[in-house]
Every structure is written in structure tokens, then in C-alpha cells.
Protein chains: 2
Amino acid sequence: MSDSRSSRRQRNAPTINDVAREAGVSPMTVSRVINGEQVVRAATREKVQAAITALNYAPSAAARTLAGGEETRIGLLYSNPSSSYLSEFLVGSLDQASRSGVDLVVEKWDDEETSIEAVVAHLQRGRIDGVILPPPLCDLAALVDALDRAGIPAVAVATGRAPSDLAAVSIDDRHAAYEMTRHLIALGHDRIGFIKGNPNQSASAKRFEGYVAALTEAGLPMRDELVAQGYFTYRSGLDAAEHILALADPPTAIFASNDDMAAATVAIAHRSGLDVPGDLTVCGFDDTSLATTIWPELTTIRQPINAMARAAVEVLVRQLKGRRKGDAAEHLVLDYALIRRQSDAAPRMRPRLGGR
Amino acid sequence: MSDSRSSRRQRNAPTINDVAREAGVSPMTVSRVINGEQVVRAATREKVQAAITALNYAPSAAARTLAGGEETRIGLLYSNPSSSYLSEFLVGSLDQASRSGVDLVVEKWDDEETSIEAVVAHLQRGRIDGVILPPPLCDLAALVDALDRAGIPAVAVATGRAPSDLAAVSIDDRHAAYEMTRHLIALGHDRIGFIKGNPNQSASAKRFEGYVAALTEAGLPMRDELVAQGYFTYRSGLDAAEHILALADPPTAIFASNDDMAAATVAIAHRSGLDVPGDLTVCGFDDTSLATTIWPELTTIRQPINAMARAAVEVLVRQLKGRRKGDAAEHLVLDYALIRRQSDAAPRMRPRLGGR
DNA sequence: CTGAAAGCGCTTACAG
DNA sequence: CTGAAAGCGCTTACAG
């Protein structure tokens with residue numbers, strides 16, 4: 001078939017030397033013609049072109065990259081392997097890296113064991129040209145600074161607050177949380193609990209802002225006791241949910257800042273003999289695989305993780321190719337979606353009609 | 001400093017010579033390690049691996065293609081993205097692929113949408129030289145056959161029953177389950193429930209065999225009512241656990257064939273007002289991230305997923321290089337470990353002392 | 001305008 | 001089991 005362009009060279013594939021001999025010039029001249037350099041005399045060029053045609057010559061991509069030294073390698077630096085997020089992120093970025101013709105090096109960083117200087121040095125040794133930073137590393141200012149000082153471009157993924165000089169790919173966390181809260185309100189809930197995300201991630205604050213905005217817009221009071229601090233882990237969700245549900249007047253719905261904490265909330269609810277969503281509505285954020293693993297399946301905000309990963313690779317590659325000082329960094333905002341599943345329902349009693 | 005366009009080499013990427021120097025061997029030896037050639041002494045191999053890690057070295061695809069052979073691309077074909085398993089598997093195989101200097105193409109297969117013929121054709125068009133099959137695809141005979149007919153070598157990962165002509169990497173599922181069951185018996189349990197895995201995976205049967213073997217060895221009766229069929233999903237674990245715990249005389253321990261089903265069992269136990277492990281011991285299998293996500297954290301069998309993925313890549317690369325008809329396929333068996341966490345304890349009443 | 005030289009980073013083929 | 005040599009096909013850097 002049309003395999004002529006593939007990287008597998010045919011056995012007797014003509015080389016630049018064959019062309020040179022046929023045309024009666026040096027390989028160097030053939031190279032110039034191939035690369036469209038204008039200096040070559042028209043007559044010479046034609047002789048070379050004829051030889052190329054006669055031999056059906058196609059240059060070897062491998063040889064060109066090797067000689068030209070143009071390989072670009074990008075790194076994907078991650079920590080805290082929230083595996084459900086990571087696997088989707090990996091699949092997306094790998095695929096795009098392959099399409100963009102760059103090498104992707106996946107690097108795990110354990111911040112307990114390795115200093116920032118050490119990771120950056122490691123990346124430099126590996127000749128990483130640029131780095132993708134999924135959360136929570138995207139918000140680690142010290143890392144971003146160190147990368148910047150080392151001259152390694154980076155792109156932050158899913159950060160809630162990207163400095164204007166740092167490329168970023170994200171969704172509108174604030175608006176997504178706003179929409180979910182509005183959805184809960186539309187269902188009839190007026191006492192809605194909220195479990196915050198880890199303060200070390202800027203998206204956490206954005207999600208909380210969205211929750212507050214929807215409440216305010218609906219004229220609902222924002223009650224501090226209904227808000228608990230979480231850290232995106234299941235464990236922290238357990239504690240937060242326990243706290244909220246132990247209230248004298250507990251909420252009829254709880255919106256957790258991610259799926260892990262929402263799953264923990266469901267577990268606590270069940271342990272307390274509450275039916276979800278009959279007695280308590282629970283919603284999450286992210287739509288990781290956990291959302292559809294547990295029962296009931298979680299109503300949540302779908303983050304397009306795969307698409308964000310692809311976009312991150314593209315943004316980084318563009319930045320590496322066309323690097324000009326002063327160019328503003330790209331900030332891409334992708335679409336999210338509110339996914340309704342089985343964990344939300346109208347509250348059992350309509351407070352507006354009866355009160356409690 | 002290093003203006004990317006004019007300098008001959010972009011930054012100083014570590015080369016095979018750098019690694020050789022660091023390891024105190026010749027470049028040739030490094031090359032052998034990269035290509036998984038068996039001749040290299042283990043001690044030498046380790047020195048080289050260490051140097052590769054230290055320098056964060058990745059071979060240049062261009063140079064390899066040019067110098068020698070054709071570039072080799074291997075595929076990782078997966079379905080049913082059990083993400084906790086997949087992400088670890090991806091990280092391991094990617095890293096090894098990079099070290100082995102082969103391209104890894106990650107391919108998702110939705111068996112509902114695409115026929116076996118179509119996937120195989122797709123792999124061929126993409127010039128995939130060999131394929132890694134994580135579960136459950138490793139046990140799909142029709143796929144293995146189609147690959148074989150197409151002349152695409154494959155390596156099965158975590159299968160319980162590899163045909164002798166199919167390369168495979170696995171653990172001893174039977175013995176691992178045997179050991180876990182023995183552990184439960186040693187704790188004092190004599191009524192131990194078991195949730196089987198999906199029958200479409202050969203490892204399921206192995207795990208069940210191990211459970212039966214330990215019971216038999218201890219002179220304990222094997223009670224059919226204590227065994228429920230599961231399918232490795234959380235949902236199936238919910239049903240199975242509900243069934244087992246509804247028994248008139250329920251077990252004091254339940255051993256689930258994977259962590260998802262063990263997590264579901266914990267959820268059902270909590271919903272029924274049972275304390276884990278106070279009232280019920282629950283154990284899993286795999287040690288995916290879910291095992292340490294939920295509370296209590298699961299006592300389980302650790303499958304070295306990362307190491308298995310790396311091994312699969314190495315085995316496949318070796319097979320692609322040294323392909324000789326008639327050579328027996330490699331069967332690697334890696335070590336597992338029983339990880340004790342917080343979900344197991346002695347039964348509340350010692351049956352041997354009191355009965356019930 | 002054109003060419004001779006010196007590699008790019010790796011592997012093949014041979015030696016010890 | 002390990003290494004020294006000779007390229008793979010092309011380009012960079014320098015001459016003329």
C-alpha cells in the first residue's frame with residue numbers, strides 16, 4: 001500500500017548520495033535542494049530534481065532529525081497519583097504527543113522525598129524542553145518559579161488562577177460550581193451543604209465562589225455551619241460529611257468539591273441510615289471513574305480531562321516552536337458538563353410549603 | 001547561552017555515551033540493556049539501569065532507526081478502564097517503553113462497538129509490531145487467536161492460564177488467595193465468605209481454588225452458601241455482600257476477589273450497622289488505590305502492577321528482537337505480597353471456645 | 001554558488 | 001559476557 005512515507009526504509013531505498021551521483025553534484029547540494037534553499041542555481045536545482053524523480057527518492061526522516069538535532073521532549077510531571085484522574089490524563093496526553101511528533105516523558109515526583117531543585121535538575125538532565133503540570137502541581141508557585149528560572153516552559157492544567165505569563169488549560173470552575181448549586185436550588189433544596197477542596201489548589205476557591213454566588217443570587221442565606229473544609233481525599237470527605245450531618249438541622253443536599261469526597265459523603269449517609277438521594281442529595285465534581293463505581297452513581301460536573309491533556313500538549317508544543325519573548329501565554333478554557341445520575345433528587349419535604 | 005537554532009545540539013541531552021560513562025561500561029553494553037538482550041550480566045544490567053535513571057536518559061528514536069533496524073512500536077490494548085489499575089499499568093509500561101526505546105501506542109478497545117477483526121486491522125495499519133494485553137483482554141481467546149493469525153506477537157498480563165505459546169506475565173493468583181485465606185483462618189475465622197471474580201478472567205478461578213485449598217487444608221468445610229458470584233465491579237460486590245450477609249448464620253469474614261468488591265462489602269456492612277473489622281473482617285485483592293481510599297483501609301494482596309507492566313514490555317521487546325520460530329514463549333511469575341491494613345481482625349467470639 | 005569534513009546517537013558485525 | 005570499529009543518511013559549519 002502507500003507505505004512509502006512510513007519510517008521503515010525499504011531495503012534498497014535511494015539515499016542522498018545516490019541522488020548526488022546521478023545528478024553529478026555533491027550530497028550537500030542535494031540537501032540544499034531538498035530544503036528549498038534559494039542559493040542553489042536554477043540549472044543545478046533542475047538536475048537534482050530530475051535525479052530525485054528518476055530514483056523516486058524520499059529523504060529519511062530519522063536521518064534528518066538525528067543530523068538536525070530537532071527532537072523535542074516534553075515532560076508530564078505528576079504527584080499524588082489520584083489514579084482515576086491520572087489514567088485519563090495520561091491517555092490523552094500520550095495520544096496527542098504522538099500526533100504532534102514529540103516525545104512524552106512521564107515523571108512522578110514525590111515531594112516528600114525530592115526537593116524542587118532536584119526535580120528541576122532531573123528534568124534538565126533529561127533534556128526536557130517543556131513541562132505539563134496537572135493539579136496539584138499547577139498551583140505550586142515554588143515549582144513554577146523554579147521551572148521559569150531554569151528556562152523550562154510549563155503549562156498549568158486545571159488551575160483556578162494562572163499567572164498571565166504561564167500557559168494554562170482549564171475549565172471555568174467557578175461557573176461549574178455555580179451551575180451545580182443552581183441545579184440543587186431548582187430541585188427545591190434551600191439548605192445545601194458544601195465540602196471545600198484542598199486550599200493548596202486554586203480551583204478549590206473558585207468552586208466555593210460559585211456555590212456562594214448561586215446561593216446569593218437565589219436570595220438564600222449562606223450559612224457557615226453548612227460548609228466544611230475538605231482536602232479532596234476520601235478520608236477528609238468522611239470527616240466533613242460526618243460533621244455536617246451531625247448538625248441539629250442538617251442540609252438536604254451536600255455538594256462536595258470532588259467525587260472522592262462525595263463518595264465519602266454517600267458512605268457516611270448510608271452509615272447513618274440515610275437514603276441517597278431519598279433523604280440526602282449528594283453531588284460531586286470531576287466525574288472520575290469513582291463517580292460511576294459507587295452506588296448510587298454520582299451526579300457531578302464532568303471535567304474533560306482527556307481533552308484538557310491533549311490541549312496542554314498542543315499549547316506546550318506551540319510555545320516551544322514559536323518561542324518569542326513577550327508573547328502572552330495561552331490560556332485555554334474548555335467546556336464542562338453537568339452530568340445527572342442517581343444521587344440527586346428533590347428534598348423529601350418542600351421547605352417552602354411546610355417548613356420543619 | 002544555547003540559542004536553539006544555531007547550536008548543533010539542542011541542550012545537552014544525555015546520550016548512550018553519557019550513560020556508558022556513568023555506568024562504567026561501553027556504549028555497546030548500554031545498547032544491550034536497552035534492547036533487553038539476555039546476555040548481559042545481572043550486575044552489569046543494574047549498574048546501567050541506575051545510570052539511566054540518574055541521567056533521566058531516553059534513547060533517541062531517530063538514531064536507533066537510522067543506525068539499525070526499524071523502529072519498533074508496541075501497542076497497549078485495553079478495555080474496561082478500571083482506572084486504578086490502568087493508570088499504574090500505564091505509568092509502568094510507558095517508562096519501560098521509553099527505556100527500551102520503543103514507541104508505545106495506547107489503544108482503547110470498546111468491544112461493544114468494534115469487532116476483533118477491526119481492532120486487529122487497525123493495529124496492523126498503525127504498524128504495531130506487538131501487543132500487550134492487560135486483563136480482561138488477556139483471556140479473550142478469540143482476540144489472541146486473531147492476533148496470532150495476523151502475525152502480531154502478544155504478551156498476556158495477569159492471566160491465570162496462559163497457553164504455552166503465548167508470552168505471559170503474572171503472579172501466582174492461586175497461592176496468593178490461599179495465603180490470604182490461611183491468614184484469615186489463623187486469625188480464628190472458621191466461617192469465611194468468598195466473592196468470586198468475573199468468570200471471563202482466568203485469574204478468578206485461580207483465586208477461588210486458593211480459597212478452597214486453604215479451607216480444605218485446615219479441615220474446614222467448604223460451604224456453598226458462603227460463596228457468591230461477583231464480576232469484579234463494585235455493583236456486583238454490593239449484591240454479593242448483601243446476599244452473604246443476609247444469611248441466617250453469616251460469616252465473620254469475607255474475602256473478595258478484588259478491592260472494588262471488597263469496598264462494596266464494607267459499604268454493605270456499614271449500611272447494616274456492622275463494624276469493620278469489629279463485626280466483620282473484609283479482605284480484597286490487587287491493592288489498587290481504592291484499597292487505601294476507603295475507610296477502613298483494606299487488607300489485601302498487592303499485585304505489583306507497575307512491575308508487571310514493565311516486565312510485559314521487556315518480554316515483548318525481547319520476543320520482537322529475537323523472534324525465532326519454536327522458541328518457547330516466556331512466562332514470568334512475579335511476587336505478590338499480603339498487605340495487612342485495618343480491615344481484618346480476629347472474630348468477636350472465638351467459635352472454638354464457645355460456638356454460637 | 002558549491003563542496004569536503006565531521007559528526008548526530010545509535011546499531012550491526014566482528015573480536016576477544 | 002563485553003568492547004572497538006565502522007557506518008546508517010543526513011545536516012551543520014566551515015571553506016573556497
Side-chain angles (χ1 to χ4, degrees), chain A residues 7-48 51-52 55 57-73 103 126-127, chain B residues 2-48 52 55 57-72 98-103 317 320-322:
Chain A
S7 48
R8 296 187 187 197
R9 299 282 294 176
Q10 305 243 338
R11 246 181 203 300
N12 300 320
T15 73
I16 199 171
N17 292 301
D18 298 326
V19 176
R21 202 176 311 114
E22 174 92 5
V25 299
S26 76
M28 201 49 246
T29 298
V30 178
S31 173
R32 290 195 174 96
V33 172
I34 292 168
N35 291 296
E37 287 181 31
Q38 297 292 301
V39 284
V40 185
R41 244 192 354 189
T44 314
R45 176 190 310 282
E46 273 160 35
K47 271 195 303 185
V48 173
I52 287 175
L55 298 179
Y57 166 77
S60 150
R64 302 183 84 183
T65 12
L66 181 56
E70 290 280 324
E71 278 186 290
T72 102
R73 303 177 68 195
D103 288 339
R127 205 227 63 195
Chain B
S2 57
D3 35 348
S4 47
R5 285 287 165 207
S6 59
S7 76
R8 176 135 186 96
R9 295 172 53 183
Q10 278 196 319
R11 307 193 194 171
N12 32 343
T15 71
I16 199 171
N17 294 301
D18 299 325
V19 175
R21 201 176 315 113
E22 173 93 7
V25 299
S26 74
M28 201 48 242
T29 298
V30 177
S31 173
R32 290 193 176 100
V33 171
I34 292 168
N35 292 297
E37 288 180 31
Q38 297 275 266
V39 284
V40 184
R41 249 194 343 186
T44 312
R45 176 189 309 279
E46 274 159 35
K47 272 193 303 187
V48 174
I52 288 175
L55 297 178
Y57 166 77
S60 150
R64 310 186 84 208
T65 317
L66 219 214
E70 313 169 333
E71 65 174 344
T72 100
S98 153
R99 282 168 197 234
S100 297
V102 300
D103 288 340
V317 167
L320 290 171
K321 304 284 179 187

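Heavy atoms only: backbone and side chains are in, while hydrogens, waters and symmetry mates are out. Lettering follows sequence order; numbering is per chain, from 1.
A sub-4.0 Å separation between OP1 or OP2 of C/dT2 and a side-chain N or O of A/R41 is present. One finds no side-chain N or O of A/S31 lying less than 4.0 angstrom from the OP1 or OP2 phosphate oxygen of D/dC10. For B/S60 and C/dG9, the shortest distance from a side-chain N or O to OP1 or OP2 is not below 4.0 Å. An OP1 or OP2 oxygen of D/dG9 is reached within less than 4.0 angstrom by no side-chain nitrogen or oxygen of A/T15. Close to D/dC1, at under 4.0 Å from its OP1 or OP2, lies no side-chain N or O of B/T44. When the side-chain nitrogen and oxygen atoms of A/T29 are compared with OP1 and OP2 of C/dT2, none of them lie within a distance under 4.0 Å. A close approach under 4.0 Å does not occur between any side-chain nitrogen or oxygen of B/N17 and OP1 or OP2 of C/dC10.
Taking atom CD of B/Q38 as the reference point, atom P of D/dT2 lies 13 Å away to the nearest angstrom. The NZ-P distance, from B/K47 to D/dC1, rounds to 14 Å in whole Å. B/I16 has its CD1 atom 12 Å from the C1' atom of D/dG3, to the nearest Å. Summarising the geometry, the separation between CZ on A/R32 and P on C/dG3 is reported as 8 Å, rounded to the nearest angstrom. Atom CE in B/M28 sits roughly 11 Å away from atom P in C/dA13 (whole-Å rounding). Rounding to whole angstrom units, CG of residue A/D18 and P of D/dC10 are separated by 9 Å. Following rounding to the nearest Å, A/R45 (CZ) and C/dT2 (C1') show an atom-to-atom distance of 13 Å. Here D/dC1 presents its C1' atom at 16 Å from CG of B/N35, a figure rounded to the nearest Å.
Comparing C/dC8, D/dA4, D/dC14 by their closest approach to the side chain of A/A67 singles out C/dC8.
Both B/V39 and B/A63 lie close to DNA chain D; mapped to their nearest nucleotides by heavy-atom distance, the more 5′-ward contact belongs to B/V39. Position along DNA chain C of the nearest nucleotide to A/A42 versus A/P27 favours A/A42 as the more 5'-ward residue.
Residue B/P59 is classed as a sugar-phosphate contact, given heavy-atom separations below 4.0 Å to backbone atoms only.
Of all the heavy atoms in B/R64 and B/P59, the pair that sits closest is CD-CB, 4.0 Å.
With rounding to the nearest 0.5 Å, the separation of CG in B/N35 from CG in B/L320 is 11.0 Å. Note that OG1 of B/T15 and CZ of B/R21 are 7.0 Å apart. Values are rounded to the nearest 0.5 Å.
Both distances falling under 3.5 Å, in either a Watson-Crick or a G-U wobble arrangement, place C/dT2 opposite D/dA15.
Between B/R32 and B/T44, every side-chain heavy-atom pair lies at or beyond the 4.5 Å cut-off.
The only option from B/I16, B/D18, B/V48 that meets the side chain to side chain contact (heavy atoms under 4.5 Å, CB included) definition with B/Y57 turns out to be B/I16.
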